[in-house]
Asks: 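The structure is given below, and queries will be raised subsequently.
All heavy atoms count here, side chains included; hydrogens, waters and symmetry mates do not. So that the names make sense, note that chain A is the first sequence line, chain B the second, and so on, each numbered from 1.
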Amino acid sequence: MRGLKPARNQVAQALFKPTRFIHLNHVVKLLKVSADTKNLVLGKSIHSHLIVINQTSLGSSIQPLNSLINLYVKCNQIPAAQKVFERMPERNLVSWCSLMVGYLQTGFSLEVLKLFKNMVLGDGLKPNEYVIAVVFSACSDSGKALEGRQFHGFVVKSGLAFHQYVKNALINMYSKFSDAEGAMRVFSLVPGYDVYSYNSVLSGLLQQGFLNEAVQVLDRMMGEGVKWDSVTYVTVFGLCACLKDLNLGLQVHCRIMKRDLELDVFVNSAIINMYGKCGEVFNARKAFDGLKVRNVVVWTGIMAAYFQNGCFEEALNLFSDMKIDDISPNEFTFAVMLNSTAGLSALRHGDVLYGEIIKSGFMDHVIVGNALINMYAKCGNIGAASEVFSDMICRDCITWNVMISGYSHHGLGKEAMAVFHDMLAEGESPNYVTFVGVLSACSHLGLVKEGLYYLNQFMKTVGVEPGLEHYTCVVGLLSKAGLLDEAEKFLRSIPVKCDVVAWRTLLSACHVHRNYGFGRRIAEFVLEMDPNDVGTYTLLSNIYAKAKRWDGVVKIRKLMRERNVKKEPGVSWIEMRNVTHVFVSDDCQHPESIQIYEKVKELLARIKPLGYIPDVAAVLHDVEEEQKEDYLSYHSEKLAIAYGLMHAPFEAPIRVFKNLRMCEDCHSATKLISKLTNRTIIVRDANRFHSFWNGCCSCADYW
DNA sequence: TTAGGGTTAG
């Protein structure tokens, strides 16, 4: 296709020999070629020739002047087009329409609507299907929903609503207004569809999350045998990705391969994305490896696929490969990188990325700022997260959410609520996720009344439907405040199906409040619901141990064996000078393990006078009494903390990460170690952050 | 005339 352009261009240039007696049709044809090939130089020389010869028949007749407007519009010279338009002694529909297209394409959609008004009221012209389609597009681009709908009514009366262009523009408009119903109405009521109508409907439904409806439309499209274009493929792969429907994705991919279609880079990245979202990193990689042309989007897509499937290191490694390939990262790439860094809790690596982002000038992108806040919050540096937040020039809803939930995870309820109130004051609308953070902040602060107010009243007034996560937060809120009966009653009354997580929230509250009878009843109920929930076995076993009900402990262990439920081993890790040191409980793999074990022993001996009592009840009863302390001493987080104290620079906070929830013994030991050593120790467990300082923890012993 | 890919919050 591309080869055709210079050829046509050359022909046009050869044909254009300035004479006094140039024919009108000739001029129009030459201008059309100049416009189509965006040859502004040729177009301008024809224009100047027209001015020089000043032939009345040519210089003032409509057709060549319309061609001039079209030329300037196609070459993005809107002021020049406007000038020609203004000097026309007489205009027809095409003159108006061409100029309107120019303004539409350059983003001045309000100007289009003004022109339309002048055309109808000033020149008394009746719009045709082209003009109508342009006006609908201008309404969608400028968000003029009311005007768009009114104009739709006008068009129906004028009888032009059946034209294919108009129909497609209408479907697109309703899709852009997030009015999937309106789009579907046009689509269903008016007969006759082409691939464009289907693409518009499908992408509208997809964007608004009406996935089942999109599948129905796709079925219909296939039934009618409409030929797919590359946009259809992109949209359908997007649909598969949202549905996580690997089967459908594979079918569509096979369809492409069977037909041996040439794929553009858009379709290829949609394929990589589909496999990534469906959990098929290997297939995503295969698609990626087969590409001849890889741009930044394809690279970012494959990194995102690795990230989404938990392969954080692979994602980070691809970053260097991409640079070797001479492709520069953009804001999306940095967002994926920061997320992978957060997944590894690699704070140092995050700092390095931050520097690179500043250098490459992507700091002012909202998604980069958001991902930075998220990274710092997840890596345990909430101070740095809040600094990035304060420095951000542009914020969106996610910015506020990430800061609110970041503070909440760190147990900083007051700070989280302050951010939430600022958010409202600045006119940003809270959404579903906002309230997950807000309700969990209420729970940290023990604000029962406020939390229930947000759930029952405030969320309704801002139009957010409460979901399972919110109900779970409220269960946490009630049970933390000691209202265990209310929490259970609440949980049994919620209008959505609840999962093990919600019940486990109540269960761990029973444990903290030492209400073992209640806890046992709940735990047994949860195990009936999910006989494989390891966390519940652990909690129930702890409850029995606390009550010295050894028969119960034995029963649980037997049950776990019978059901083949295995406890995940506790793993902790700490980053030290860019190296991550991993510790498993009771493990001696680390080259310095002898020194580390000695350090733990020394620390525990020194905190005993400060009030440390080893929680031997939590250890299985059949262990010899004198061995019980050893069982507790070498939990992975104690090893990691000891290593941190041995090697971290003085005054630097010790940041440790753990795969499971911290046990009570480690928690009370760490509080005292922070006091003994005068150090801040931050532990991220499976649930939240604990920030230990001077003998206290930010969780206030509730986790 | 209309339509399309990668990203961030729980």
Asks: Could you tell me whether A:Asn295 contacts a base, only the sugar-phosphate backbone, or nothing, with contacts defined as non-hydrogen atoms closer than 4.0 Å?
Replies: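 If one applies the 4.0 Å heavy-atom cut-off, A:Asn295 turns out to touch a base.
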Asks: Is a donor from one side chain sitting under 3.5 angstrom from an acceptor on the other, for A:Asn172 and A:Ser175?
Replies: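 No - no donor-acceptor pair under 3.5 Å links their side chains.
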Asks: Determine the contact category for A:Thr333: base if any of its heavy atoms lies under 4.0 Å from a base atom, sugar-phosphate if only primed atoms, P, OP1 or OP2 are that close, otherwise nothing.
Replies: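 Contact class for A:Thr333: none.
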Asks: Is there a donor in the side chain of A:Ser340 and an acceptor in the side chain of A:Glu314, or the other way round, less than 3.5 Å apart?
Replies: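 No, no side-chain donor-acceptor pair sits under 3.5 Å.
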Asks: Earliest and latest nucleotide of DNA chain B, 5' to 3', sitting under 4.0 Å from a non-hydrogen atom of chain A?
Replies: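 Nucleotide range in contact with chain A: B:dT1 to B:dG10.
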Asks: Kindly assign one of parallel, tilted or perpendicular to the pair A:Tyr130 and A:His163, based on the angle between their ring planes and the thresholds 30° and 60°.
Replies: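 A:Tyr130 and A:His163: tilted rings.
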Asks: With a cut-off of 3.5 Å and sequence neighbours excluded, list every side-chain donor-acceptor pair involving residues 93-103 of chain A.
Replies:
from: A:Ser95; atom 1: OG; to: A:Asn66; atom 2: OD1; distance (Å): 2.7
from: A:Ser95; atom 1: OG; to: A:Asn92; atom 2: N; distance (Å): 2.9
from: A:Ser95; atom 1: OG; to: A:Asn92; atom 2: O; distance (Å): 3.1
from: A:Ser95; atom 1: OG; to: A:Asn92; atom 2: OD1; distance (Å): 2.9
from: A:Trp96; atom 1: NE1; to: A:Asp123; atom 2: OD2; distance (Å): 3.1
from: A:Ser98; atom 1: OG; to: A:Val94; atom 2: O; distance (Å): 2.7
from: A:Tyr103; atom 1: OH; to: A:Gln82; atom 2: OE1; distance (Å): 2.5

Asks: Classify the nucleic acid contact of A:Val436 as base, sugar-phosphate or nothing, counting any heavy atom under 4.0 Å across all strands shown.
Replies: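 If one applies the 4.0 Å heavy-atom cut-off, A:Val436 turns out to touch the sugar-phosphate alone, with no base involved.
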Asks: Would you indicate what A:Val267 reaches in the nucleic acid, counting non-hydrogen atoms under 4.0 angstrom: base, sugar-phosphate, or nothing?
Replies: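 Nothing, no nucleic acid heavy atom in range.
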Asks: Mind checking A:Tyr432 for me? I need base, sugar-phosphate or nothing, with any heavy atom below 4.0 Å counting as a touch.
Replies: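 A:Tyr432: base contact, heavy atoms under 4.0 Å.
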Asks: Using a heavy-atom cut-off of under 4.0 Å over every strand shown, decide if A:Phe307 touches base, sugar-phosphate, or nothing.
Replies: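 Sugar-phosphate: the residue A:Phe307, judged by heavy atoms under 4.0 Å, touches backbone atoms but no base.
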Asks: With a non-hydrogen cut-off below 4.0 angstrom, is A:Asn268 in contact with a base, only sugar-phosphate, or nothing?
Replies: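 Nothing, no nucleic acid heavy atom in range.
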Asks: From the options A:His410, A:His444, A:His409, select the one residue that forms a ring pair (Phe, Tyr, Trp, His ring centres under 6.0 Å) with A:Phe689.
Replies: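 With A:Phe689 as partner, A:His410, A:His444, A:His409 yield a single ring pair (Phe, Tyr, Trp, His ring centres under 6.0 Å), made by A:His410.
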Asks: What heavy-atom pair brings A:Ser140 and A:Phe177 nearest, and what distance separates the two atoms?
Replies: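 Nearest pair, atom of A:Ser140 first, then A:Phe177: CA-CE2, 3.7 Å.
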Asks: What nucleic acid atoms does A:Tyr196 come within less than 4.0 Å of, heavy atoms only: base, sugar-phosphate, or nothing?
Replies: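 Base, at least one base atom sits under 4.0 Å.
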Asks: Check every strand shown and say whether A:Val433 touches a base, only sugar-phosphate, or nothing at a heavy-atom separation below 4.0 Å.
Replies: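 Since a base atom lies under 4.0 Å of A:Val433, the category is base.
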Asks: Would you mind classifying the nucleic acid contact of A:Val402 as base, sugar-phosphate or nothing, using non-hydrogen atoms under 4.0 angstrom?
Replies: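 The answer is sugar-phosphate, as A:Val402 gets under 4.0 Å only of primed atoms, P, OP1 or OP2.
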Asks: Would you tell me whether A:Tyr275 and A:Arg285 have side-chain atoms, one donor and one acceptor, within less than 3.5 Å of each other?
Replies: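 On atom types as modelled, these side chains do not qualify, holding no pair under 3.5 Å.
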Asks: Is A:Leu263 touching bases, backbone alone, or none of the nucleic acid, heavy atoms closer than 4.0 Å?
Replies: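 No contact at all - A:Leu263 keeps every heavy atom at 4.0 Å or more from the nucleic acid.
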